[in-house]
Amino acid sequence: MKNILSGFCVKLVPVLVAGILFSACGDDKPLTNKVDFDRKAMLTNWIDNIMLPAFENFNTEATALQVSANDFSDDANLQTLQDQFVKTYTAFQQIKAFEIGPSEDVSLRASINTYPADAAKIDNNIQNEVSDISSASNLTARGFPAMDYLLYSSSVDLNDPKAQAYLKLLANDISALASSIYTNWQNERASFIAASGTDLGSSLGQMVNAINKDYEIVKNAKIGFPAGKKTLGKPYPETCEAYYSGHSIDLAITNIEAIHKFFQGYSFDGNLKGSSLEDYIIELGTTTDNEQLDVVINTQFTAAVTALEKITTPLSDAVINDADAVSDAYLTIQQNVRYLKVDMPSAMGVLITYQDNDGD
């Protein structure tokens with residue numbers, strides 16, 4: 001089985017934008033990025049009110065996970081550790097879309113969320129008392145998927161001192177990455193705001209690419225591959241994120257909601273709405289299919305979450321026994337790809353430089 005990296009299968013290719021694409025959409029308003037929009041204000045809102053607080057929260061939860069794992073001794077406090085694992089995994093979903101700069105430097109998603117976990121490799125590492133999991137060969141034996149296996153699989157004996165040592169190793173690894181990334185993002189604040197253009201190297205260009213890439217990871221890796229959308233209809237339930245704990249759908253919903261809030265410019269705590277991508281395309285007066293683009297995008301985000309909420313069993317079960325609901329969720333998520341990946345970037349003059357390997 002080919003491992004499903006958190007970045008799924010992407011490659012750098014240019015995407016045609018502006019005139020060619022929109023000549024096929026005769027009902028859409030011509031798009032231009034020539035408006036007096038304060039991009040620095042938007043970048044400031046992103047870094048100060050959304051990104052840094054989200055990275056801080058992830059660091060806090062990861063530290064708590066490290067403490068809980070290192071305090072673990074037997075089944076008596078297993079539930080406490082499992083609860084903190086879910087909280088930390090959820091916090092990760094709120095920052096994983098921001099994979100540029102310090103996050104990209106360490107390949108954050110791949111480093112701690114490559115799934116499915118390789119149970120045989122993890123078991124081998126445990127028995128051999130492996131203490132260094134930093135190499136690429138251990139991507140499927142570290143991070144959240146590996147902890148998910150240790151904490152929830154019936155085949156793991158957590159009373160085994162070797163298994164406990166590996167559990168602590170995993171938690172320490174996640175916490176160390178969370179801490180370093182948070183520190184590095186604090187140091188990058190000024191340069192992030194200063195890069196206020198629309199070119200590929202700008203903060204806007206990088207972030208528009210990053211959130212699109214992550215949204216397609218939800219579509220493809222989280223839902224599509226387990227549901228058989230990439231394998232001629234054959235489902236692979238064992239490739240679900242959080243396969244052992246059964247939290248796949250909750251994590252996918254949190255992931256989409258985080259991207260939606262970012263699009264709208266809401267602060268991490270939800271108490272402030274600042275300058276945003278939504279405001280930018282409103283200022284541009286962008287429409288698609290005779291509707292305001294911001295309205296269409298918001299509607300599709302909401303529809304995607306609603307469709308996922310209709311899956312009431314673990315995704316690994318639903319891809320077999322509730323395939324219609326899973327397929328509906330996949331298609332609903334997919335509908336927003338055009339608006340986020342084509343219409344919005346084109347309006348802003350931002351070039352999308354990746355493409356998933358199966359089309360949209």
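If you read the sequence from its start, that first residue is 1, and numbering goes on from there.
- Proximity of L200 to N209: side-chain heavy atoms (C-beta onward) are separated by under 4.5 Å at one or more points.
- Listed for the D173 side chain is no donor-acceptor partner under 3.5 Å among the backbone atoms of R142.
- At a threshold of 4.5 Å between non-hydrogen side-chain atoms, the residues L177 and S111 count as touching.
- Just one of Y89, Y152, Y149 meets the side chain to side chain contact (heavy atoms under 4.5 Å, CB included) condition when paired with S245; it is Y152.
- Under 3.5 Å, the side chains of N70 and N172 contain a donor-acceptor pair of N or O atoms.
- Results of the side-chain hydrogen bond (donor to acceptor under 3.5 Å, both in side chains) test with Y166 over N125, D123, D160 single out N125 as the only residue that passes.
- Checking T88 against Q84 by side-chain atom types alone, a donor-acceptor pair falls below 3.5 Å.
- Side-chain atoms of N255 and D214 form a donor-acceptor pair, as typed in the model, at a separation below 3.5 Å.
- Side chains of T306 and K310 form a contact here, defined as non-hydrogen atoms less than 4.5 Å apart.
- Test N113, I249, D148 against E241 for side chain to side chain contact (heavy atoms under 4.5 Å, CB included) and you get one pass: N113.
- Annotation: side-chain contact (heavy atoms from CB on, under 4.5 Å) contacts of S73 (sequence neighbours excluded): N77.
- With contacts defined as side-chain heavy-atom distances shorter than 4.5 Å, the pair V106/N184 does not qualify.
- Between K96 and the choices I217, I112, L108, the side chain to side chain contact (heavy atoms under 4.5 Å, CB included) rule is met once, by I217.
- For the pair K341 and Y354, the minimum side-chain heavy-atom distance is below 4.5 Å.
- Note: Y215 and F301 have perpendicular aromatic rings, judged against thresholds of 30 and 60 degrees for the angle between ring planes.
- Crowding of K87 atom NZ: a count of heavy atoms from other residues, nucleotides or ligands under 6.0 Å not exceeding 12.
- For D269 and K261, the salt-bridge test fails: no basic side-chain N is under 4.0 Å from an acidic carboxylate O.
- No hydrogens or angles considered: nothing links the side chains of N212 and E216 as a donor-acceptor pair under 3.5 Å.
- Without hydrogens or angle criteria, S153 side chain to S155 main chain gives a donor-acceptor distance under 3.5 Å.
- Of the residues F92, Y244, Y243, the one that meets the ring pair (Phe, Tyr, Trp, His ring centres under 6.0 Å) test with F144 is F92.
- Without hydrogens or angle criteria, S276 side chain to D279 main chain gives a donor-acceptor distance under 3.5 Å.
- Ion pairing between R338 and D289 holds under the 4.0 Å rule for side-chain N and carboxylate O.
- Between the side chains of N298 and D294, no donor N or O sits under 3.5 Å from an acceptor N or O.
- Cation-pi geometry between K222 and Y330 is not met: the NZ or CZ atom fails to fall both under 6.0 Å from the ring centre and inside 45° of the normal.
- Residue-environment remark: CG (D74) exceeds the threshold of 12 foreign heavy atoms within 6.0 Å.
- In terms of modelled atom types and a separation under 3.5 Å, the side chain of Q93 and the main chain of A252 share no donor-acceptor contact.
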